[in-house]
Asker: 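The structure follows.
Each chain gets a letter, A, B and so on, in the order its sequence line appears, and its residues count up from 1. Keep in mind that the numbers below use all heavy atoms, side chains included, and drop hydrogens, waters and symmetry copies.
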Protein chains: 2
Amino acid sequence: MAGIKDVAKKAGVSVSTVSNVINGRHAKMGAETLRRVQDAIAQLKYTPNAVARQLQSGQIRTLGLIVPSVANPFWGNASQMIEKEAKERGYQVLICNAERDPEAEDSYLTSLHGSGIRGVILGSSPVSLDHLRQHAERGMRIAAFDRNTQGIQDLLACSVSVDQALGARMAARHLIGLGHRRIGFISGPIGTASRIARLEGLRAEMDRAGLALDQDLLWLGRTATGFGDSQAAELGRSAIRELLTLDDPPTAVFCVNDMYAIGALSGAREMGCRVPEDISIIGFDDIYLAKVMSPPLTTVHQPLQRMAQLVVAKLIDALEAEGEIPNRYLELRPELTVRSSTAHAAARPRETGAVAT
Amino acid sequence: MAGIKDVAKKAGVSVSTVSNVINGRHAKMGAETLRRVQDAIAQLKYTPNAVARQLQSGQIRTLGLIVPSVANPFWGNASQMIEKEAKERGYQVLICNAERDPEAEDSYLTSLHGSGIRGVILGSSPVSLDHLRQHAERGMRIAAFDRNTQGIQDLLACSVSVDQALGARMAARHLIGLGHRRIGFISGPIGTASRIARLEGLRAEMDRAGLALDQDLLWLGRTATGFGDSQAAELGRSAIRELLTLDDPPTAVFCVNDMYAIGALSGAREMGCRVPEDISIIGFDDIYLAKVMSPPLTTVHQPLQRMAQLVVAKLIDALEAEGEIPNRYLELRPELTVRSSTAHAAARPRETGAVAT
DNA sequence: GCTGCAAGGTGATACGTTACACCAACTTAA
DNA sequence: TTAAGTTGGTGTAACGTATCACCTTGCAGC
């Protein structure tokens, strides 16, 4: 294809001049020359070779974004917002789909580094970030998104997340306040930091209320991994069906994210169980689908737009600014969004006796 | 950062030898030398610079993927499958989110070309592909995905899609067969080829049955564009609310895709309208959420996995094979998936009189 | 007529790899 | 003994661009 030399030859100028045209240094040349070069560019359908450019400059205004699964609307939406935010700051974003696989994560990181990218936003990922250490040491700036960061902050350029445990506790408090005592938990495999925090938050708040988290009511995804979050709803459905056939089923269920909750909604109804009359269901994330469910889903809201804005800003700061950036670790406050999938625990008797309010 | 020269110096060999090590030509050297080089690589934490590599080789095993909106699970899921398929063939995929904006599409194409990418999969996009002509002429191989291609095939390296119009006709036939005569259509702005085909399919089949598509029952998204498909469900909800407050409301609604249908489901229920007893709702795509809705959504199924497999295969053929590839334009048969959101038209009288079966 | 300077433009080098031609030192076989 | 291989390397020219020091010309000012 046409290169800068061809343009130079055609326009009868040096490559340097063509380069100047391309880079907008129009002041450096006569009007006639400029026109000739522009004509040549148009005629040859010349596009500057980004690869050569980057090799030369060493610079690249591109961020990596590693998400657990683009098939989950939460991450689809997050990607969209992060991309928009980055674009406004003149950065591009490369979306990488790791499917919650640490090895894939690792290989993306190496490949991004090899492409000259030095900043990456890491969506909720495996507990240990130790496999990230080498990347950090190589000069990759890593921003954690939607996960807690205790103990590994030294690896991170910055982090933005909601207080996961607090969110879970809000959900739990809401359920407990409605008189629920048997509360279930539905999740896929607990492999990521945010999922652990959500479970622990639930447990903590139940403890505080003198309630125990029944082991039988913990559904933690007995499935092969690897098919991504397109199956999450499906799993939520199986989960609640199992839970509901227990001798002493839960009266409320906390789902690790909205996709599971959506599935649970559906599964419960299939079992002839009304939501929220017979069972309360609460999710986490507040994806845009939550409010169009039937019934609309009570859930823990994450301020996604603000989060996107903040990670992008902090990460770019880390990349461009000289000294230390202040407030590198941001933990936002989640918000309980009460809709119609939760209600008072049914007063009707169950095997274990009536609920004491 | 460390380059190949640093490694060479440290290991006491030439850069050529290091290059050989990196590229697996181990037979070309002694065991001792190999070990020394590998040690040096490890110690310096050296990663080959992909940019320089690519500049040198001109080759790049990467495909572009331009989607209308990652926030729509259909496209999230499609991305995932296309990526998986490509990876199996040794290709990477760059996901670009165009938000149905032809300008964004255009600028992605230029930027991908500048990065050395010569093959791109274009998700449903604006009617005219004329703005793509220059890219095709520059040597970009374009594969159309999920859109019809009459009239513009010369621009395309290949295409894979379901027969959109046929799918819409299947939906219409299903509805008509259930006795519906007032059928509505809900969609966002009709800007893409696939949406037009879906609407026309509906109209054609209604014509055949001697039914007219009432202009008032056409809801075509009176909203600002630019926020992507995260709002589709929301729009579906508003749409059906408007339609249901009409003097003579529809008894069935065909939604341009499942996201709108999901919103419609919710909107209908809010209006106290039961689905499918009072109104039938049918979608398109069969995203994984369709079957966990309540009621589970009747919809037109797209064989996504097979489609992903085929585009990737055909596009890579177009890139790698010499001659013409056979069967470049694939049109798959959609399938009607009947679930529970559609039923016989209610026999009860409406203002306009009883429905004659 | 000379200096100084601005405007307009050029050439060479470097960016980090890879590919390819080439080389030195051995080994083998006739 | 020597021609022909083989093994284990090396040196260097690309790839397409940006940068920077430098060059030429014209002209104002004294």
Asker: Considering only heavy atoms of chain B and a distance under 4.0 Å, specify the first and last nucleotide of DNA chain C in 5' to 3' order that meet this criterion.
Answerer: dG16(C) to dA19(C)
Asker: Would you say dT10(D) has OP1 or OP2 under 4.0 Å from some side-chain N or O of T17(B)?
Answerer: yes
Asker: Measuring from S69(B):OG to D101(B):CG, what's the distance to the nearest 0.5 Å?
Answerer: 12.5 Å
Asker: Of D146(B), L315(B), L330(B), which meets side-chain contact (heavy atoms from CB on, under 4.5 Å) against V160(B)?
Answerer: L330(B)
Asker: For L34(B) and N23(A), take the nucleotide of DNA chain D holding the closest heavy atom to each; which residue's nucleotide lies nearer the 5' end?
Answerer: L34(B)
Asker: Side chain of V15(B) only, please: which of dC15(D), dT12(D), dT17(D) is the nearest?
Answerer: dT12(D)
Asker: Expressed in angstrom and rounded to an integer, what is the separation of R36(B) atom CZ from dG9(D) atom P?
Answerer: 8 Å
Asker: How is G58(B) classified with respect to the nucleic acid when contacts are heavy atoms under 4.0 Å: base, sugar-phosphate, or nothing?
Answerer: nothing
Asker: Rounded to the nearest angstrom, tell me the gap between atom CG in D6(A) and atom P in dT17(D).
Answerer: 9 Å
Asker: Name the residue closer to the 5' end of DNA chain D, choosing between L55(B) and K28(B) according to the nucleotide with the nearest heavy atom.
Answerer: K28(B)
Asker: Classify the nucleic acid contact of S57(A) as base, sugar-phosphate or nothing, counting any heavy atom under 4.0 Å across all strands shown.
Answerer: nothing
Asker: So if I apply the side chain to side chain donor-acceptor pair (under 3.5 Å) rule between T47(A) and each of Q134(B), R138(B), H135(B), which one comes out positive?
Answerer: R138(B)
Asker: From the options dT10(D), dT17(D), dA14(D), select the nucleotide whose nearest atom is closest to the side chain of K5(A).
Answerer: dT17(D)
Asker: Do D6(B) and K10(B) sit within salt-bridge range, that is, some charged N less than 4.0 Å from a carboxylate O?
Answerer: no
Asker: Respond yes when some side-chain nitrogen or oxygen of R25(B) is under 4.0 Å from OP1 or OP2 of dG9(D), and no when none is.
Answerer: no
Asker: Take atom CD of Q54(A) and atom C1' of dG16(D), then tell me their distance rounded to the nearest Å.
Answerer: 13 Å
Asker: Grab the CD1-C1' distance between I4(B) and dT12(D) for me, whole Å please.
Answerer: 14 Å
Asker: Pick base, sugar-phosphate or nothing for V13(B), based on heavy-atom distances below 4.0 Å to the nucleic acid.
Answerer: sugar-phosphate
Asker: Looking at dT19(D), I'd like to know if its phosphate oxygens (OP1 or OP2) sit under 4.0 Å from a side-chain N or O belonging to S19(A).
Answerer: no
Asker: Q38(A): which residues meet the side chain to side chain contact (heavy atoms under 4.5 Å, CB included) condition with it, sequence neighbours left out?
Answerer: V21(A), H26(A), L34(A)
Asker: I'd like to check the side chain to side chain donor-acceptor pair (under 3.5 Å) partners of T17(B); sequence neighbours left out, ordered by chain and number.
Answerer: S14(B)
Asker: L63(A) and side-chain contact (heavy atoms from CB on, under 4.5 Å): which single residue from L94(A), L319(A), I82(A), V311(A) fits?
Answerer: L319(A)
